[in-house]
Amino acid sequence: MTPSLVPLYLRSRGLPGTAAALAVLLAVSRWGADRLVDRPLFDSGAQVPVVVLVPVLAAAVTGLSLHSRSGELDRSAPLPWWRWRGAHLLALTGLAALWLGTAVPGDPAHFGAPTLVRGVLGFTGLAAAGAALFGARLSWLPPVVYGGTAYLAAPRTPGGAAAVWAWSMQPGAQPAAWATAVLLFAAGAALVAVRGPAADGVR
Amino acid sequence: MSAAGTLATAPPAPPAAPRVHRTELLRGAGVWVGAVLAVSVIVAVLARRYFLFDTWATTQATLRGAGLILGGPLALTAGCWQGGREGRRGTGDLLASAARSPLRRALTAALPSMAWPVLGYLAATAVCLGVLLPYPSYGHPAWHLPVVDAVALGSLGALGFAAGRAVPWRFSPPLVGVAGYVLLGVGVSGYTGPGTAWLSPANKAWGGFGDVPVWWAGVLCVVWTAGLAAAALLAGHARRRALAVLPLLAAVAAGSVLYGTGDGLLRSDSSATALVCDRGTPAVCVRADHAGALPAVRAVVTRIDSRLAGAPGAPVRYREGGTGGVIPPGEVRFELYGGVFRGRLGDPEMLYRDFVFAVTMPFGCEGSSNPAGYPAEYAVQEWLDLGRPLFADTAAEERHAESAARRLRALAPAERRAWLGRYLVAARGCDTSGVPAP
Amino acid sequence: MTTETTVHVDGLTVRHRRTTALDALDLRIGRGVHGLLGPNGAGKTSLIRVLATVAPYRSGRLELLGVDPAVPAGRTSVRRRLGYLPQEFGHYPGFTVREFVAYMAWLKEVPKAAVPEAVERAMERVGLTGRADARIRTLSGGMVRRVGIAQAIVNDPELLLLDEPTAGLDPEQRVEFRALLRELGTTSTVLVSTHLVEDVATACTEVTLLDEGRVAFCGTSGELAAAGDDDAAGDSPTERGYTAALRRHRSARAASPEAAV
């Protein structure tokens, strides 16, 4: 790994643009969260939509960043790609979790910074799996569809089976929800690191 | 299907040529869009069936809410993806050399974007209503509502398609979808005024607490959504683009009526809001459409009433609805926000908390709270088992409140009843400062 | 030239931003197979796109199949009788071959009753009948090219425009394709742009050589072969004719820029 490869890799994946998109997302979510709380009759509970749905968008941005214009060429290169892709995913996930976690405090006991971090992990895992299965261009599909459905469908009571299937909507620090999110991240990241994003020129 | 042999012999009648509309419907992501939409709507509705209200109005409101909030962005995204197809596939030149008019071409290509969300939603509606058929105990299904929603979903698909044709960019589909999620969500969030909410087809007001929309609200919604979609398609592809003005005018007219009338489009359903009471003391009354939940509400009333133990000033009547009006003394008004399902309350705890607050901080007393009264307020709420976290400005006051609660618990029943009575009477007058903490 | 002229081009000028793709081009083409040769950037694709009624032009006059395609009604009538294979053949990979060809037949407004037979015949002529129900994404590059040719001929076009149709075809397919071209040329006007001069030598009755947006040579393929001299580069008479004609055109232009050819 010669050092000069790193900036080339960053440019080839459009990572400056991705970081900019994450920064915009951060600013918008912070503004949105503040605005929601400012309204009369709404307290920090009103931030739930932001806290739960912003990680979906962050994951979508991360998933799209896996896109390579030269996928066919990349696959033929002898480089240990899984390291690059793994580092790529870890760096963006860490960045998103750090930024979002510090930007939107929310209500840590129910829906707050920990929820954001858990969401970033789980949804990024889904996006990574989506990239491996459908290609980076459609990688946002699984987190968006799952996130939207869980947001509407999740029961209001914590715990039980819902802690697994509706992990993204669990208030507070439910161990099962955290475990599911971490597992999703590990599985998705491993899948895309090893297999790489699917070719997405077919559709 | 070996066609090689047929070449040598006399050609038989050729197989029927595939119809273009069938081809477009079956050879794309459309089928999956319809399936994903149907499954996610079914999951979203049925996972919440224990929270559904006991009426057809609220059942259908949940269904259309899920269908539009989940299906709408999906239809937009899929339409945008389909609209960007010619750009992705590089078929622009080939299509431009064809004799078929651009509008016909666009309508055919947009067909899956419009049809599959509609089919998926109607399938989900059929399944959900079929499963929920035995449950609602009041009202009857409004059959025109699924049609209104289906038109809205098809229109969103067409709008997404038009957007994708106009801006064939890789990031267009997710962006359009997210924008749709936000804009449609405005209708259910309640953050904006009622006028804006009615512009979103996902507006929650379509099935509320005993209010039903007038029938022509559905017509307005159809004209509003379909008009926008037709205008977008005509503006993009018609030979005479000025024709787009006609549906646009219709849409704007319908939209401005929706916006201007707002919640005036609702009329209250008097047979649903009529009260049904049981014969116990204190009296408990619920609206006719929640009659099945009367015993469940009675159980919650009994819970608070046993803690109040007949203290003077304890409520004599608990009545559903009418929280906005003048409330006679001794009456508690409530709404079943937690929902009702087959006679069970969706969230009895929530109703109990509402009762406690109504007793200790009656409606209309907001803003007149007395800081000095916090320990007393905390003590009475603690006695009533509210489970509210202890939170005061100073640690000393927190200790004070905690010891007040402890003392109230330790009082003899008669003394406690007397103190509670004084507090409740004072609370009705919105001034508890004259009641020192026990 | 024994047949009537079906393509009239007078003073056709096409510009892309600041470069001139076609420079006051005059061209007459009749029935038969007409080859369009020229180096990269000579304006072959620009000419074919204008003739296919998909690209605008700066100035000049056009008459295709007896009508002026600048008039909307005339354009539709030309498009019904037009077959076009673009250089970059865009298609829908999820469609089967039969579905795609039928789709194109619909786009070209082939009468409904005639569609089934037209589709089968087009697939048969390019040898795809055996793969009629295969999705296009499962086909090899050469087969996709044949799908492109099939869609171009599905409406039995009177004017057939093929932009590099032989790219991606293997030698055997190319031989069959040239036979198909000759057959099509007996009834319609076929304009084939190509880089392969042997296509021109064997399949085309006439040849137009473009260079920098102007006609460098126009004649029969025999005349092109005869134009070559021994010091012209090339491995076949047609190749030598090609380089010689091009060289002659360029030196003539350099001598008097106004009167090329």
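Reminder, nothing fancy here: chain letters follow the sequence lines and each chain counts from 1.
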Item to check | Carboxylate-amine/guanidinium contact C:Arg61 C:Asp26, below 4.0 Å | outcome: no
Side chains of [X] and [Y] only: does a donor on one sit below 3.5 Å from an acceptor on the other?
X	Y	answer
C:Asp163	C:Ser193	yes
C:Gln87	C:Thr45	yes
B:Glu86	B:Thr91	yes

Checklist outcome for this item: Looking only at C:Tyr92, C:Tyr103, C:Phe95, C:Phe100, most heavy-atom pairs under 4.5 Å shared with chain B are made by C:Tyr92
Checklist entry - C:Leu107, C:Leu85, C:Thr53, C:Val101: which one forms the most heavy-atom pairs within less than 4.5 Å of chain B? => result C:Leu107
Item to check | Any B:Tyr121 side-chain heavy atom under 4.5 Å of B:Leu37 side chain | outcome: yes
Checklist entry - Between C:Arg178 and C:Asp199, is a salt bridge (Lys or Arg N to Asp or Glu O under 4.0 Å) present by the stated rule, with each step listed? => result CA-CA 7 Å; C:Arg178 286 185 206 135; C:Asp199 287 347; 3.0 Å; yes
Need one label for [X]: side chain, backbone, both or neither, based on atoms under 4.5 Å from any heavy atom in chain B.
X	result
C:Met104	side chain
C:Arg135	side chain
C:Leu82	side chain
C:Glu120	side chain
C:Arg49	side chain

Next on the checklist: Please check: side-chain N/O of C:Ser188 versus main-chain N/O of C:Leu184, any donor-acceptor pairing under 3.5 Å?
Outcome noted: yes
Checklist entry - Any donor and acceptor pair, going by atom type alone, linking the side chain of C:Arg146 with main-chain N or O of C:Gly127 inside 3.5 Å? => result yes
Next on the checklist: Does anything in residues 20-32 of chain B reach chain C? List residues with heavy atoms under 4.5 Å apart, or say none.
Outcome noted: B:Val20, B:Arg22, B:Thr23, B:Glu24, B:Arg27
Item to check | Heavy atoms of other groups near C:Glu88 CD, more than 12 under 6.0 Å | outcome: no
